Amino acid sequence: MARIVMKFGGTSMAGIERIRAVAARIRREWAAGNQVAVVVSAMAGETDRLVGFCREASALYDAREYDVVVSAGEQVTSGLLAIALQAIGVPARSWLGWQLPIRTSDGHASARIADIETAGLLASMARGEVAVIPGFQGLASGERVTTLGRGGSDTSAVAMAAAMEADRCDIYTDVDGVYTTDPRIVPRARKLKKVTYEEMLELASVGAKVLQTRSVGLAMKEKVRVQVLSSFVDDDAPAADTLPGTMIVGEEEIEDMERQLITGIAHDKNEAKITLTSVPDKPGAVASIFAPLADANINVDMIVQNIAHSTGPTPSSTDVTFTVPSSDLAKSLDVLEKAKAEIEFAQIVHDTRVAKITVVGVGMRSHAGVASRMFTTLGQRGINILAITTSEIKVSVLIHEDETELAVRVLHTAYGLDAEDDGAA
Ligand code: ADP
Ligand code: ASP
Ligand code: MG
């Protein structure tokens, strides 16, 4: 007997028929004698709809009330799943975030889980009941409802698995594993049998939304065995512990022979590029730009500072380009305009039609030439690079948004990642 957490995403919960199929999957794990806790997302599209209502009600909405509204989608699916389970003879009940409770920080709309009270839940599971827990939600210190940031049900699932010392955390989604790149963009993407926590963390943080970044960080810290697999499989498919999904594992679990130079490629269209022109080339100039952005809690990602050119007797100046999340663009422009006198720039230019493409692989540590292959490949296709950043195991470039699919495809081929045939190898 094992104790397992099963998490089902939005497409897996989209409608009563899908919820019935999910219930049938859960029954198999439960009937095999396992203790089962299930974490669910809202129905696909529902959270977007609820966010839309908040924006419509007021552009400057109260984040505490936003959390009350957007957490509602998961309340609906958790209740419906408990009903569907009971209907097929599986004792089940829902446990809302405030009922357990799942304690979080006060950071509304992107709260962090601090602690989960599991005593009541474990007692119920020991009696053979399936626990159904809405993902994405928690409770802040002032007894206010919080949410964990978009895609946060993955983090709820991993946190539940850690808190109840589960043997496995199975993340069921609409693809059957983690691929070398988004299989919806590159049909020749290859499914990875295993991927290290570190690489998955990088892939998620640069746009591979198959897992929320925080969930991977938490799994790495708490050593939770996470598996990504499809909920869209036949009833007679093999049991989950033998299903060919993707295991997220420690680096020591990957054989040298399995190791590729590049593990995967991700893209992110949710960044905006800002350029400040003619910033004085003097000590403290860069700090005067990024300090007020940091104070406003805006995460700056890529930064490019051009080489300054002295123009005779006037002091030399330089352009500074950087990216911020698109959702923070308006706030960033406002902050920068207010700091204009101090920064002394000439103009602000911004562009949201950009995409960041990133190649990730721990093999890069010991191999030169990864970045240059990327630049050459993009250059040969006439794709212009607007900014570059690198770290020990990744290289990112910023390009025009329209060239995203082409760039991902040609890089996928250039790094030898294409599957033999279309689809999973
Ligand atoms: P869920 O609703 O189950 O949480 P998500 O939409 O959040 O599902 O995540 C699954 C999606 O992630 C897939 O449909 C796929 O398009 C996308 N995706 C992006 N990069 C990858 C990747 N490298 N491997 C697999 N899926 C990926
Ligand atoms: N329903 C939430 C979202 O769409 C959380 C999740 O599905 O993980 O972001
Ligand atoms: Mg998701």
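All of these numbers come straight from a predicted model, not from anything done at the bench. Both ligands and their constituent atoms are indexed starting at 1 by order of listing. Here, residue 1 is the first one in the sequence, and each next residue gets the next number.
Using bins of under 30°, 30° to 60° and over 60° for the plane-to-plane angle, the ring pair Y172/F8 lands in the parallel bin.
When non-hydrogen atoms are compared, ligand 1 lies under 4.0 Å from the backbone of V210 as well as from its side chain. In I171, neither the side chain nor the backbone holds a heavy atom less than 4.0 Å from any atom of ligand 1. At a heavy-atom cutoff of 4.0 Å, ligand 1 is contacted by the side chain of P183 but not by its backbone.
Annotation: atom 6 (O) of ligand 1 to nearest protein heavy atom, K209 NZ, 3.3 Å. The nearest heavy-atom contact from the protein to atom 4 (O) of ligand 1 is K7 NZ, 3.2 Å. For atom 15 (C) of ligand 1, the closest non-hydrogen atom of the protein is D182 OD1, 3.4 Å. What sits closest to atom 3 (O) of ligand 1 on the protein, heavy atoms only, is T173 OG1, 2.7 Å. In terms of protein heavy-atom proximity, atom 24 (N) of ligand 1 is closest to Y179 N, 2.9 Å.
The N/O atoms of S12, backbone and side chain alike, include none that comes under 3.5 Å of an N/O atom in ligand 1. The N/O atoms of D174, backbone and side chain alike, include one that comes under 3.5 Å of an N/O atom in ligand 1. Geometrically, ligand 1 and R184 share a nitrogen or oxygen pair separated by less than 3.5 Å. In terms of N/O distances under 3.5 Å, ligand 1 is not approached by D154.
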Could you go through ligand 2 and list every pair where one of its N or O atoms sits under 3.5 Å from a protein N or O, giving the atom names and the distance to one decimal?
residue: ligand 2; atom: 1 (N); partner: T47; partner atom: OG1; Å: 2.7
residue: ligand 2; atom: 1 (N); partner: E74; partner atom: OE2; Å: 2.6
residue: ligand 2; atom: 4 (O); partner: T47; partner atom: OG1; Å: 3.4
residue: ligand 2; atom: 4 (O); partner: R150; partner atom: NH2; Å: 2.9
residue: ligand 2; atom: 7 (O); partner: S41; partner atom: OG; Å: 2.9
residue: ligand 2; atom: 8 (O); partner: G151; partner atom: O; Å: 3.4
residue: ligand 2; atom: 8 (O); partner: G152; partner atom: N; Å: 3.4
residue: ligand 2; atom: 8 (O); partner: S153; partner atom: N; Å: 3.0
residue: ligand 2; atom: 8 (O); partner: S153; partner atom: OG; Å: 3.2
residue: ligand 2; atom: 9 (O); partner: R150; partner atom: NE; Å: 2.6
residue: ligand 2; atom: 9 (O); partner: R150; partner atom: NH2; Å: 3.4
residue: ligand 2; atom: 9 (O); partner: G151; partner atom: N; Å: 2.8

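Within the listing of ligand 1, atoms 20 (N) sit less than 4.0 angstrom from a heavy atom of A208. Of all the atoms in ligand 1, the ones that sit under 4.0 Å from a non-hydrogen atom of V178 are 24 (N).
Side-chain contact between Q227 and I4 is absent, with no heavy-atom pair separated by less than 4.5 Å.
Ligand 1 has no atom lying under 4.0 Å from any heavy atom of M200. Residue G207 places no heavy atom under 4.0 Å from ligand 1. Every heavy atom of G151 sits 4.0 Å or more from the atoms of ligand 1.
Among residues two or more places apart in sequence or in another chain, the salt bridge (Lys or Arg N to Asp or Glu O under 4.0 Å) test is passed with E271 by K356.
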